[in-house]
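Note sheet for the following structure.
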Amino acid sequence: MSLDEINTRIAAAEVAAGRDAGTVCLIAVSKVQPNERVRSVLDQGHRIFGENRIQEAAGKWPEFRTQYDGIDLHLIGPLQTNKARQAMELCNAIHSLDRPKLANTLARLAQERGDCPDLFIQVNTGEEPQKAGILPGDADDFIKECQKLDLPIHGLMCIPPVDEEPSLHFALLAKLAARNGLDGLSMGMSSDFESAIALGATHVRIGSAIFGERVAS
Ligand SMILES: *Cc1c(COP(=O)(O)O)cnc(C)c1O
């Protein structure tokens, strides 16, 4: 599917949900995609991208940034504390804040730098043992803890379990955000972004629908 088609579908989903046009941010997830495909999306004028591994992002985006202005890079995958500094240098937003140790490290570095990317707290809405994210029952306390550290918490993020109805998870994330006064909702991928927008997504993370299937690596 082309970038234009995705933008058209996002706009239609905004209208259908009674939301203002242009309120949903499209993060084009470029992980594992060949550079020519990424370049083609850049050439069409898109500037907001997502990567899930910091090493891969570091190998690809500094060079693109020398060639294209205004690139907005979002880290959407797990972050180890020993890569936090690099992530803060490279990324405009981090969607995977999921534990106190990482919050403390980010807070310390933010103080040192006088600057911090926008942060989303990842919630493991399906309570899956293998998946990152704070458990829903711990989310309220963790959000408050992060705010006490003066971290710029923009919103919440989730990745629903593959075999469950995603809208239940989107609704839960929206409820957790609303009761904590958070505006940002990073939810919705290639197969379910329209239902995420219906439930209030502010950031959709779309990879394969824009770039084509990822080549196994
Ligand atoms: C890969 C990835 C996406 C994009 O998935 P698609 O199904 O290709 O749209 C979104 N979010 C996260 C966290 C991802 O790792």
Side-chain angles (χ1 to χ4, degrees), residues 1-17 19-80 83 86-96 117-120 122 132 154-155 157-160 162 166 170 184-217:
M1 209 169 295
S2 70
L3 179 67
D4 277 349
E5 282 173 273
I6 295 291
N7 278 321
T8 303
R9 283 173 60 185
I10 290 174
E14 287 171 336
V15 171
R19 300 177 54 186
D20 289 340
T23 45
V24 175
C25 169
L26 168 60
I27 301 172
V29 178
S30 49
K31 65 181 185 204
V32 204
Q33 297 290 353
N35 279 354
E36 318 83 73
R37 289 189 191 169
V38 180
R39 192 177 292 286
S40 142
V41 170
L42 280 161
D43 287 337
Q44 292 169 66
H46 194 76
R47 288 294 180 270
I48 308 169
F49 291 85
E51 288 285 343
N52 76 335
R53 300 182 61 185
I54 201 69
Q55 243 140 339
E56 186 184 342
K60 165 160 37 160
W61 288 98
E63 181 164 341
F64 281 137
R65 278 193 165 125
T66 66
Q67 299 160 352
Y68 298 86
D69 286 335
I71 287 171
D72 191 14
L73 189 60
H74 294 236
L75 180 69
I76 60 172
L79 178 59
Q80 295 168 260
K83 302 246 167 63
Q86 196 181 8
M88 289 174 97
E89 283 162 4
L90 200 59
C91 301
N92 307 90
I94 296 173
H95 293 236
S96 49
D118 283 342
L119 300 175
F120 290 80
Q122 184 173 352
H154 192 74
M157 177 270 221
C158 75
I159 309 170
V162 285
F170 298 153
L185 283 172
S186 167
M187 58 189 197
M189 319 199 321
S190 291
S191 57
D192 55 20
F193 67 91
E194 281 140 328
S195 77
I197 290 170
L199 289 162
T202 58
H203 293 67
V204 292
R205 311 178 308 266
I206 303 181
S208 44
I210 296 175
F211 294 101
E213 286 307 317
R214 285 180 285 277
V215 184
S217 61

So how far is it from [X] [atom1] to [Y] [atom2], rounded to the nearest 0.5 Å?
X	Y	atom1	atom2	value
Ile94	Phe120	CD1	CZ	11.0 Å
His95	Asn52	NE2	CG	12.0 Å
Asn7	Gln44	CG	CD	9.5 Å
Ile197	Phe170	CD1	CZ	10.0 Å
Leu73	Phe49	CG	CZ	9.0 Å
Cys91	Leu119	SG	CG	11.0 Å

Are side-chain N/O atoms of [X] and [Y] paired as donor and acceptor at under 3.5 Å?
X	Y	value
Gln80	Lys83	yes
Arg205	Ser186	yes
Glu5	Ser2	yes

Checklist entry - Can you list the steps and then say if Val38 with Trp61 is a side-chain contact (heavy atoms from CB on, under 4.5 Å)? => result CA-CA 10 Å; Val38 180; Trp61 288 98; 3.7 Å; yes
Please name the pair of heavy atoms, one in [X] and one in [Y], separated by the smallest distance, quoted to 0.1 Å.
X	Y	result
Ser190	Ile206	OG-CG2, 3.5 Å
Glu14	Val24	OE2-N, 2.9 Å
Leu42	Arg47	O-NH1, 2.8 Å
Ile159	Met189	CG2-SD, 4.3 Å
Ser30	Glu51	OG-OE2, 2.7 Å
Ala17	Ala198	CB-CA, 4.0 Å

Checklist entry - Is Arg9 salt-bridged to Glu194, going by a charged N under 4.0 Å from an acidic O? => result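 Judged by the 4.0 Å cut-off on N to carboxylate O distance, Arg9 and Glu194 do form a salt bridge.
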Checklist entry - Angle class for the His74/His203 ring planes (parallel below 30°, perpendicular above 60°, tilted otherwise)? => result tilted
Item to check | Listed partners of Asp69 passing side chain to side chain donor-acceptor pair (under 3.5 Å), at least two apart | outcome: none
Next on the checklist: Keeping Ser40 on the side-chain end and Glu36 on the backbone end, is there a donor-acceptor pair under 3.5 Å?
Outcome noted: no
Determine whether [X] and [Y] make a side-chain contact, defined as any pair of heavy atoms from C-beta on separated by less than 4.5 Å.
X	Y	result
Arg39	Phe64	yes
Leu26	Ile48	no
Ser96	Leu75	yes
Glu56	Lys31	yes

Next on the checklist: The test is side-chain contact (heavy atoms from CB on, under 4.5 Å); show your working for Ile76 and Val29 and say whether it passes.
Outcome noted: CA-CA 9 Å; Ile76 60 172; Val29 178; 3.7 Å; yes
Next on the checklist: Within the supplied structure, the quantity of interest is the number of heavy atoms (other residues, nucleotides, ligands) at a distance under 6.0 Å from Arg37 CZ; does it exceed 12?
Outcome noted: yes
Next on the checklist: With a 6.0 Å cut-off (strictly less than), is the heavy-atom count around CD of Glu63, excluding the residue itself, greater than 12?
Outcome noted: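 Atom CD in Glu63 is not crowded, with 12 or fewer foreign heavy atoms closer than 6.0 Å.
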